[in-house]
Amino acid sequence: MLIGAAALTGVITLHAVFADQAFRLTALVFDSYQSFKPREATDPPVAVIDIDEASIARLGQWPWSRRVVADMVTRASAFGAAAIGFDIVFSEPDRTAPSRLIAEMRRQGVSLDMAGTDLPDPDVALAEAARVHPVALGIALTNETQAPVAPPKAGFSFLGEDPSPALNRFSGALSNLPVLTQATTAVGYFSFPPSPDNIIRSFPLVSTARGTLYPALSIETLRIAQQAGSFIVRSAQSGGRLAMTDLRVGALEVPVGPGGEMWIYYSGLPAMPVISAVDLLDPSKAATLAGQIEGRILLIGTSAVGLRDLVATPVDPAMPGVKVHAEIIDQIASGVFLQRPDWITGAERGLAVVAGVLLLAVLALGSPAIAVASAVLLSAGIAAVSWLAFSKALVLFDPLLPLAGLASVLLTALPLLLMLTHREKRFVRESFGRYLSPTLVERLSEDPEGLKLGGEDRELTILFSDIRGFTTLSESLTPTELTALLNGFLTPMTDVLLEREATIDKYIGDAIMAFWNAPLDIEDHAKKACGASLAMIAALEALNRQQGTSLKIGIGLNTGMACVGNLGSDQRFSYSCLGDSVNLASRVEGMTKLYDVAILVTEDVVRQAPGFVFAEVDRVRVMGRRAAVRLYTLLGRNSDTAVTDMAPVLARHDAFIDAWQAGDFAACRRMIEDLANLPANPLTGTHALYRDRLSALPERATEDWDGVFTATNK
């Protein structure tokens, strides 16, 4: 029995040493509890003004004029809003301000005489609205900047020591314009802290930036809604360290964890009004909105796809961030809190010891079959304790440590007991058959084999794509505009790839890497990749027409063997692929710029993609690779009318390529002039390239001519 006791001690010790890593699994258990039993829905004291797709379609691209935002504040306040909080930062001057527009017109040479004219400033209009109405502006605390943070508007009183050393610390913030900050009476942060799996389970209600305490946006709006002047923070020593214990905002008291964090118990807010921003500004809907807004705290945020303020939560993998803040406000107002007290870890370890000792006693006194049955009953009891603690007392009790302790005892002591008592092999097989039953396996929270590093060799079709001239384009856009552009581009491209059974490997800025035939076998994967490439081009053309842009992309495809699987480090890895075929696909995509075509593929793709029309463009020796490869541009499907109409052009093009590779420059010069004079077509850019090449070549090819172009860059 000593080995079982040693195993139990080892499990408890390892759990203490790797507590943060172990808690990732525990958090998944608590997530499932919320899915089974969400917080009871209420008539919430909060509503959301949503800058949604309909609002952007009606009012134009975000950011809107601050005068429009000021009108939103004025109308909301007129409807009786108790407080208005912005899940948005107004960090830059209004781009629609008349003074900025006039300056831009003058810069472009337009002569304007505005002397003596008092030009309205939309930022001042919003500042005035924030000054006369109960408005809480949002800021984003971050460690990615050293930018100074304006002093908080609320004060903090302490019952106990100042808990600042125990709180999240930030080096700076993305703040609002000074004119707005000075006008408002409330400022709170809305930035979500990072978590190992990016799921928002808790939120710190108080944090520090440059040694100063700042409140979260949720409690700051609650403060001004109650017309309170400050917060009361209680702290105490716990386990030899300072910890925050609770927070009072007005008449409301909130129990918090040591770092000021509150566990969020989601209800989904089914009864919460979610009002489109365009409806708020519509006078014809005033009667309806008054009943939805009066007496409520309003949070102004966005669910628009292009703005992408979406976070993962235990109940929704893509919840608008503003709704999370609304959940916090509703939870505080309803007084329903999840708690994980300081003593809970000791209780979990104590239960692990008690259950392990009981199982050791059964193993010492009873048969293996009884021991297995006892382990099952003890496991069920531990699971029941954890569930009842959550469902009845709202206490988060981790069942995994006691269950792991039981498993360690059973895994070590039971086999040894069977060996020492010389049980028959059949009895050993039956005992282990019961132990390794599907019922036990189903209780495992995660399959360890699925987390091992390594991969397998498979034939893949790999795709790389990126936006042409993206670096130049990004220089002309603000970060917000660039983010909106990228999100608007990547979303339809991803939809196209997923609809055609691709595995999205990664996004690298504006570039996309994807592959087919892993992890599942994909029949005709080269054909699906070709179809997806054509669909991406079509989707981009539709996007350009819709948004008035002129984006162009290059796509490279290659089919070959690659190693695919969970690649990375023990701490972090992803499902990806690597190998020469992957590198070649990347190089092929880079060559689309040189040959001025949208899609380039290798001959391995051509061989496995019947039903599509390709045109050979060259034989190339790409950087980092000795062997030459034939490159083809994908023009379309055999059935496409536009491709059929290109048949005469393709015939002339193929004849030119044959002459080029044979080194017949005289014939090439005759043919390239003919091709260059044809109406614009998908090969026009390629023909222009060859025309330039021929102008620098002698009349005849040298004896060592092999028709291979050696690339000097990627």
Side-chain angles (χ1 to χ4, degrees), residues 463-469 530 533-534 536-538 540-541 550-558 584-606 609 612-623 625 628-638 640 642-697 701 705-714:
L463 175 147
F464 280 85
S465 80
D466 72 356
I467 299 176
R468 298 277 181 81
C530 289
S533 300
L534 293 172
M536 289 173 69
I537 300 298
L540 181 61
E541 292 173 352
S550 56
L551 299 179
K552 292 184 179 181
I553 60 173
I555 299 174
L557 294 177
N558 181 43
L584 180 56
S586 176
R587 297 291 188 268
V588 170
E589 184 277 321
M591 301 301 291
T592 59
K593 304 181 187 71
L594 176 65
Y595 293 97
D596 195 15
V597 294
I599 306 170
L600 273 182
V601 306
T602 62
E603 52 194 321
D604 290 319
V605 175
V606 174
F612 291 87
V613 177
F614 303 90
E616 183 177 354
V617 297
D618 207 351
R619 293 177 62 208
V620 178
R621 187 177 294 109
V622 299
M623 282 193 66
R625 206 168 187 266
V629 60
R630 290 184 184 272
L631 297 183
Y632 299 78
T633 183
L634 172 59
L635 299 175
R637 293 180 170 82
N638 288 336
D640 293 344
V643 173
T644 304
D645 293 342
M646 276 195 65
V649 177
L650 291 179
R652 297 182 191 181
H653 174 81
D654 290 342
F656 170 80
I657 293 296
D658 290 341
W660 170 267
Q661 292 177 355
D664 188 353
F665 293 163
C668 286
R669 287 186 172 90
R670 291 193 303 273
M671 287 187 280
I672 199 62
E673 292 302 323
D674 181 38
L675 290 169
N677 290 325
L678 291 175
N681 61 75
L683 294 169
T684 297
T686 303
H687 295 155
L689 171 67
Y690 275 105
R691 193 178 189 182
D692 292 342
R693 285 184 182 177
L694 284 166
S695 66
L697 291 174
W705 173 259
D706 60 1
V708 176
F709 170 73
T710 300
T712 57
N713 55 53
K714 299 179 180 180

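Start at 1 with the first residue, then count along the sequence.
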Using distance only, find each side-chain donor-acceptor pair of residues 630-638 under 3.5 Å and give its atom names and separation, not counting sequence neighbours.
{"unit_1": "Arg630", "atom_1": "NH1", "unit_2": "Glu616", "atom_2": "OE2", "d": "2.6"}
{"unit_1": "Arg630", "atom_1": "NH1", "unit_2": "Gln661", "atom_2": "OE1", "d": "3.2"}
{"unit_1": "Thr633", "atom_1": "OG1", "unit_2": "Ile599", "atom_2": "O", "d": "2.9"}

Rounded to the nearest 0.5 Å, what separation is found between the [atom1] atom of [X] and the [atom2] atom of [Y]?
| X | Y | atom1 | atom2 | result |
| --- | --- | --- | --- | --- |
| Leu584 | Asn558 | CG | CG | 4.0 Å |
| Thr602 | Leu557 | OG1 | CG | 8.0 Å |
| Leu594 | Asp618 | CG | CG | 8.0 Å |
| Arg468 | Asp596 | CZ | CG | 6.5 Å |
| Leu540 | Met536 | CG | CE | 8.5 Å |

Within residues 658-679 or reaching into it, pairs that qualify as ring pair (Phe, Tyr, Trp, His ring centres under 6.0 Å) - sequence neighbours excluded: Trp660-Phe665, Trp660-Tyr690, Trp660-Trp705, Phe665-Trp705

Under 3.5 Å donor-acceptor, [X] side chain and [Y] backbone:
| X | Y | answer |
| --- | --- | --- |
| Asn681 | Leu683 | yes |
| Thr710 | Arg621 | no |
| Asp664 | Ala667 | yes |

How close do [X] and [Y] get, counting heavy atoms only, and between which atoms?
| X | Y | value |
| --- | --- | --- |
| Pro679 | Thr684 | O-OG1, 4.1 Å |
| Ser695 | Asp692 | OG-O, 2.6 Å |
| Ser586 | Phe464 | N-CD1, 3.5 Å |
| Ala615 | His653 | CB-CD2, 4.1 Å |
| Ala659 | Met671 | CB-CE, 3.4 Å |
| Ala628 | Arg619 | CB-NH2, 4.4 Å |

With side chains defined as the heavy atoms from C-beta onward, is the minimum distance between [X] and [Y] less than 4.5 Å?
| X | Y | value |
| --- | --- | --- |
| Thr592 | Ile555 | no |
| Val613 | Met646 | no |
| Glu541 | Ile537 | yes |
| Phe612 | Val601 | no |

Which residues share a side-chain contact (heavy atoms from CB on, under 4.5 Å) with Leu675, sequence neighbours left out: Arg652, Phe656, Ile672, Leu678, His687

